[in-house]
Amino acid sequence: MNYGIVINVLGNILIFESLLMVPSLVVSLFYNQGDKLAFLISIFITGVIGLAMLRKIGDKNHISTKEGLAIVSLGWFLASLFGALPLFLSGSAPSFIDAFFETVSGLTTTGATVIADVEILPKGILFWRSFTHWIGGMGILVFTIALLPALGIGGFQIFKAESPGPIAGKIAPRIKDTAKILYTTYFTITVLQIILLKIGGMSLFESAVYTFGTVGTGGFSTMNASVGAYNSSYIHIIIGTFMVLSGVNFSIYYSLFKGKWREVVKDQELKLYLGIVFTAVILITINLYMTLYDNLGISLRDAFFQVSSIITTTGYSTANFDLWPTFSKAILFLLMFIGGCAGSTAGGMKVIRILVLFKLIKREISKIFHPRAIIPIKNGEKVIPNETIAGINSFLALYVVIFVLGTIIISLEGIDLESAASSVAATLGNIGPGFGFVGPARTFGDFSGMSKALLSLFMLLGRLELFTIIALLAPKNWRNEGVNKIIP
């Protein structure tokens, strides 16, 4: 393996991260609060170490699968490690493991927090927490690829290892152009939501913070009561709508821009995603109106917001859904596993995998009556290769295994099964809040340090689609090129 290119790219990632801390420093200076020194030290340490890692490298255009896996896995770990410095140095987090958990949660767009009272945090720290959502939403490494063409470093293995979903599709022939298209779309949606929230009465600071959490599907808030602190249906609907939009494959927006309406209308994943959202909203609205609320409009508003928040794994809340009827909670718990579309900023298993699973079940039922029939699995007009289907099956099986084992381990904390299961589902699916011990009115702060470290690992596993980190950690795969065969 070419360790030089791995260290070089990791060094560039740290340099970019130090530069990405500058806007938070500017916010801190503007509000003249006590986190200025923490950002100055963090920027200095991160930048200096990044510069020290730069070195001359050989073949820059070829990155093998192993090198791509190493860059992605170590890149996310280092970004989280150094990104935790401002929270730790400013005293915003009580310990470094808490600061690390909070930063992993931010960069993986999970939104789970260990901080009980976020309203006392300095403005710069609040901005940094939410800005990590925006950075991590589209991927800090995709961001790196977009800005590294001057180095001539080939980036498809990095892009493939980091891309959410079973298939890493390129919008443009060159990866750097794909990254730029994605970020242009990302930036456009971000600016639009900031403007709409500002019209709704939020300050520019609040508009930016909640937009970072929405478009990045993260969920960090400036208020302990999350979006529920804003008693405005306009704000709830705008954020809820943009959460749904952020759960859509971003290549859809490029297709719309190109006028390819027929492709968008025929997209099966998009139709299933919107169908799930619509069905869940209607069912929860009816359940809330019949049991808990006496206003149909409020029932619909809160149901729409919470369904949008959970299926896109954002994690914002306008109500304590842990107090909702069991039927509504069961639907939300199911949505935690489904997640958004592949190629979006959302977490979870991804709708495309659920779609393929349904098609596989349908095929097996058909084979009972037609055992000799050859029935391909298609996504629209395209036949899904058998190796991709095998990767999807492996992913779903591994997801369930990690969820079950994680629940058993976390239950050693002495919490109830619902809390243990939802804490694992909320971190593995990059959602944020769960039920019971980790409900929307609670935090992850009462977990032990070991559990916080394990849940941080779950967040990274979920963001990097399980196999990226597991393949890197498997010793057997370092002795041969078999690693190429296990990436979904």
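We count residues from 1, following the sequence as given. Keep in mind that the numbers below use all heavy atoms, side chains included, and drop hydrogens, waters and symmetry copies.
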Does the pair Phe96 and Leu85 meet the rule for a side-chain contact (heavy atoms from CB on, under 4.5 Å), with working shown? CA-CA 8 Å; Phe96 190 78; Leu85 289 176; 4.3 Å; yes
Aromatic rings Trp134 and Phe131: how do their planes relate, parallel, tilted or perpendicular, breaks at 30° and 60°?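 The rings of Trp134 and Phe131 lie parallel, inter-plane angle below 30°.
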Take the angle between the ring planes of Tyr293 and Trp324 and call it parallel below 30°, perpendicular above 60°, tilted in between.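 The arrangement is perpendicular - the two ring planes meet at more than 60°.
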Give the intermediate values and the outcome of side-chain contact (heavy atoms from CB on, under 4.5 Å) for residues Ile311 and Ile276. CA-CA 9 Å; Ile311 195 171; Ile276 292 172; 3.6 Å; yes
So, Lys350 and Glu269, do they make that salt bridge, N to O below 4.0 Å?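 Glu269 and Lys350: not salt-bridged.
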Distance-minimising heavy-atom pair for Arg463 and Asn430: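 Arg463 and Asn430 have their closest heavy atoms at N-OD1, 3.2 Å.
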Which heavy atom in Phe337 sits nearest to a heavy atom in Tyr399, and how many Å separate them?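 Smallest heavy-atom distance, with atoms named: CD2-CE2, 3.8 Å.
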Under the side chain to side chain donor-acceptor pair (under 3.5 Å) rule, what do Ser28 and Asp35 come out as? Steps first, then yes or no, please. CA-CA 6 Å; Ser28 179; Asp35 51 352; 2.4 Å; yes
Roughly how far, to the nearest 0.5 Å, is SG of Cys341 from CG of Leu355?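 Output value for this atom pair is 10.0 Å.
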Could you tell me the separation between the CZ atom of Phe458 and the OG atom of Ser423, rounded to the nearest 0.5 Å?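 Reported value, rounded in 0.5 Å steps: 8.5 Å.
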Assess whether side-chain contact (heavy atoms from CB on, under 4.5 Å) is satisfied between Val356 and Ile384, documenting all intermediate values. CA-CA 9 Å; Val356 171; Ile384 300 176; 3.6 Å; yes
Start with the C-alpha gap between Ile189 and Leu245, add the side-chain angles, then the distance that decides, and say whether side-chain contact (heavy atoms from CB on, under 4.5 Å) holds. CA-CA 9 Å; Ile189 294 174; Leu245 294 175; 5.7 Å; no
Would you say that Thr407 contacts Leu417 through its side chain, given a criterion of any heavy-atom pair below 4.5 Å between the two side chains?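 Contact flag for Thr407/Leu417 side chains = yes.
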What residue pairs, at least two apart or across chains, pass ring pair (Phe, Tyr, Trp, His ring centres under 6.0 Å) with a residue in residues 414-443?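 Applying ring pair (Phe, Tyr, Trp, His ring centres under 6.0 Å) to every pair that reaches into residues 414-443, excluding sequence neighbours, yields Phe321-Phe435, Phe437-Phe447.
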Under the side-chain hydrogen bond (donor to acceptor under 3.5 Å, both in side chains) test, residues paired with Asp98 that sit two or more places apart: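 Only Ser95, Lys452 meet the side-chain hydrogen bond (donor to acceptor under 3.5 Å, both in side chains) criterion with Asp98.
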When Ile194 is tested against each of Leu192, Val191, Thr190 for side chain to side chain contact (heavy atoms under 4.5 Å, CB included), which residue passes?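 So, applying the side chain to side chain contact (heavy atoms under 4.5 Å, CB included) to Ile194 and each of Leu192, Val191, Thr190, only Thr190 qualifies.
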Could you check, using the six-membered ring where one of them is a Trp, whether Tyr230 and Tyr210 have ring centers closer than 6.0 angstrom?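 Centroid distance Tyr230-Tyr210: below 6.0 Å, so yes.
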